[in-house]
Asks: 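I have a structure I would like to understand better, so I am pasting it below and will then ask my questions one at a time.
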Amino acid sequence: MNRLLQYRLPKSVIAIFDQGLYSGTNFVLTLFFAKQLPLSDFGMYSGIVLGTYLVLSLMGAFFMQPFQVGASKIDEIHRYCSIITVGVVLFLIGFTLVFFPISIAIYGDKFPIGSAFFFVVAYLFQDFLRRLFLVLNKVWIVLGIDLLFATFLLFFVQLSSQGLSLKLVLEGIAWANILSCSYGMIYVIRHFTKPTGWRELFYKHCKEGQWLLSVALLQWVASNFFVMVSGLYLGAAALGALRLIQSLFGVLNVFMQAIENYFLPRIAALHHTQPEKGLQLLHQMIGYGGVIFGTILIVFCLFSDDIIGLTAGSQYLPYTFLMPLMAVLYVIIFVSYPVRILLRVHILNRTFFIGYALSFIASLFSFHFLLEQFGLWGACIGLMMNQLIMFVYWNVELKKHQIVVWKLFM
């Protein structure tokens with residue numbers, strides 16, 4: 001099977017298909033749990049997932065993002081991989097030892113904390129392995145991991161058909177993540193190299209990751225601030241509706257995650273050796289992405305009632321007005337994506353950080369007015385405002401470096 005994937009299909013096609021499989025599996029799971037779990041349990045599940053995304057952003061910024069851009073410059077790539085793997089394992093152990101007792105002290109028995117930590121750690125480690133193999137261009141291994149993950153989840157859903165609880169959901173997903181990781185760990189163990197000279201590599205890694213770590217925290221807060229605060233201002237139902245609509249639009253994340261995990265390392269490598277080919281790859285990606293984004297957004301806007309009624313149930317129909325608002329938000333995100341890529345390729349991490357800082361400051365000054373006066377409309381307006389502030393600032397900074405983004409596409 002590996003030979004079929006490696007030689008008969010372009011790796012870019014496999015990467016996009018795999019991201020579709022992975023995102024699609026999680027998308028279907030979210031809709032399934034929204035229907036099967038009690039509202040309070042689904043709310044807690046959504047909160048745990050949001051917290052997981054925060055830790056994932058921080059871990060990805062420090063460990064994976066410098067690796068994605070810098071791997072092409074390293075000769076002993078397996079030594080670098082070994083150092084990163086050991087670092088991630090130590091991070092996950094330290095994270096559990098620090099935050100597990102703190103969570104018990106704060107929440108007590110309000111929700112299954114042990115199951116939640118099992119879920120978080122397993123999710124983070126599986127995501128790390130997927131990104132590691134995508135950087136190494138081992139897309140067939142990533143596909144194997146995700147096929148196993150989907151298969152184990154299917155067995156879990158079949159076995160738990162009698163009834164679901166939050167504890168059972170968290171542990172089922174965690175076991176699916178752990179078991180699917182075993183396929184990738186075979187490669188990691190076989191190619192593990194004693195991490196000698198790790199101090200030098202770690203210093204370079206930290207130097208590139210210091211801004212990215214701060215950016216990741218600000219990025220998560222800027223992206224989720226209005227979502228979190230809307231739950232406090234507008235109630236659990238509004239928060240659940242907003243998260244559900246975001247999950248529906250998560251189908252577009254297939255393309256964006258493929259860019260982040262597969263195309264970005266390729267573009268970065270070509271930028272240092274063959275800049276024109278790197279730009280050509282970026283052109284192709286934006287062209288195909290525009291067709292995909294445009295088609296999906298039009299369908300979502302035209303058939304919003306049918307899509308929500310079919311996927312989530314009639315109780316969410318009063319919130320169909322969020323669909324066109326979210327479509328506008330994703331248009332802004334797509335238009336700004338070439339800017340993000342060029343910032344990453346040119347390693348303008350300080351500019352990245354300041355853009356998110358400005359966005360977060362704007363959120364702090366505007367969230368009360370927007371949510372009080374406009375409700376969920378205000379939450380969507382705030383999310384659009386954040387994206388526009390970053391887009392404008394990043395363009396100004398790129399122009400200072402004599403990079404005019406859209407002229408590159410003419």
Side-chain angles (χ1 to χ4, degrees), residues 14-39 41-50 52-53 56 115 119-120 122-124 126-127 130 142-181 183 227 239-258 261 292-293 295-297 299-300 303-317 319-320 322-323 326-327 330:
I14 300 172
I16 294 174
F17 172 78
D18 171 75
Q19 190 60 52
L21 171 67
Y22 181 74
S23 298
T25 302
N26 285 286
F27 171 71
V28 172
L29 274 180
T30 300
L31 298 181
F32 179 73
F33 294 150
K35 284 189 173 183
Q36 297 296 321
L37 287 174
L39 181 60
D41 280 2
F42 183 69
M44 282 190 280
Y45 172 76
S46 298
I48 292 169
V49 171
L50 276 175
T52 304
Y53 288 165
L56 180 64
S115 302
F119 167 87
V120 172
Y123 186 99
L124 294 174
Q126 197 234 36
D127 183 84
R130 293 182 72 255
V142 183
L143 182 57
I145 291 173
D146 291 337
L147 284 171
L148 286 173
F149 177 68
T151 303
F152 288 131
L153 279 177
L154 184 61
F155 280 123
F156 163 69
V157 170
Q158 290 295 323
L159 291 173
S160 59
S161 57
Q162 298 299 320
L164 287 173
S165 65
L166 178 61
K167 184 176 186 296
L168 188 61
V169 164
L170 294 172
E171 292 179 357
I173 296 175
W175 277 115
N177 278 318
I178 290 295
L179 293 172
S180 64
C181 282
Y183 179 63
V227 179
L239 173 61
L242 189 55
R243 283 293 299 155
L244 178 69
I245 300 300
Q246 285 184 320
S247 297
L248 289 173
F249 277 82
V251 66
L252 295 171
N253 291 335
V254 174
F255 180 71
M256 291 190 287
Q257 287 297 317
N261 295 330
I292 296 169
F293 261 61
T295 302
I296 294 175
L297 291 177
V299 170
F300 275 14
F303 304 101
S304 56
D305 287 353
D306 297 324
I307 292 171
I308 290 181
L310 179 65
T311 56
S314 59
Q315 69 269 28
Y316 289 98
L317 286 176
Y319 300 100
T320 53
L322 291 171
M323 294 286 277
M326 201 63 64
Y330 268 82

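As the structure is a computational prediction, the values presented were derived from the model and not from experiment.
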Asks: Is there a side-chain contact between L170 and Y45, using heavy atoms and a 4.5 Å cut-off?
Replies: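 In short, these two side chains touch, coming nearer than 4.5 Å.
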
Asks: Please name the pair of heavy atoms, one in R130 and one in V142, separated by the smallest distance, quoted to 0.1 Å.
Replies: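 Answer, listing the atom of R130 first, then V142: O-CG2, 3.7 Å.
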
Asks: Can you confirm whether L242 sits close enough to M326 that some side-chain heavy atom of one is under 4.5 Å from a side-chain heavy atom of the other?
Replies: yes

Asks: May I ask you to test the V49-F33 pair for a side-chain heavy-atom distance under 4.5 Å?
Replies: no

Asks: Begin from the C-alpha positions of L124 and N177 and carry the test side chain to side chain contact (heavy atoms under 4.5 Å, CB included) through to its verdict.
Replies: CA-CA 9 Å; L124 294 174; N177 278 318; over 6 Å; no

Asks: Only one of V157, L179, I178, I173 passes side-chain contact (heavy atoms from CB on, under 4.5 Å) with F152; say which it is.
Replies: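 For F152, the side-chain contact (heavy atoms from CB on, under 4.5 Å) test succeeds with only one of V157, L179, I178, I173, which is L179.
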
Asks: Parallel, tilted or perpendicular: which one describes the rings of Y330 and F249, with boundaries at 30° and 60°?
Replies: parallel

Asks: Kindly say whether Y123 contributes a backbone atom to a donor-acceptor pair with the side chain of D127 at under 3.5 angstrom?
Replies: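 Checked: no pair found.
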
Asks: Do the side chains of L164 and F156 get nearer than 4.5 Å, heavy atoms only?
Replies: yes

Asks: Looking at side-chain heavy atoms only, is the closest gap between L21 and L147 below 4.5 Å?
Replies: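 Side-chain contact under 4.5 Å: yes.
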
Asks: Please evaluate residues D146 and Q126 with respect to the criterion side chain to side chain contact (heavy atoms under 4.5 Å, CB included), reporting the C-alpha separation (whole Å), side-chain torsions for both, the decisive distance (0.1 Å), and the verdict.
Replies: CA-CA 9 Å; D146 291 337; Q126 197 234 36; 4.1 Å; yes

Asks: Just verifying a value: how many Å separate L153 CG and L148 CG, rounded to the nearest 0.5 Å?
Replies: 11.0 Å

Asks: Quick check for you: to the nearest 0.5 Å, what is the distance between F300 atom CZ and L297 atom CG?
Replies: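 Those atoms lie 8.0 Å apart.
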
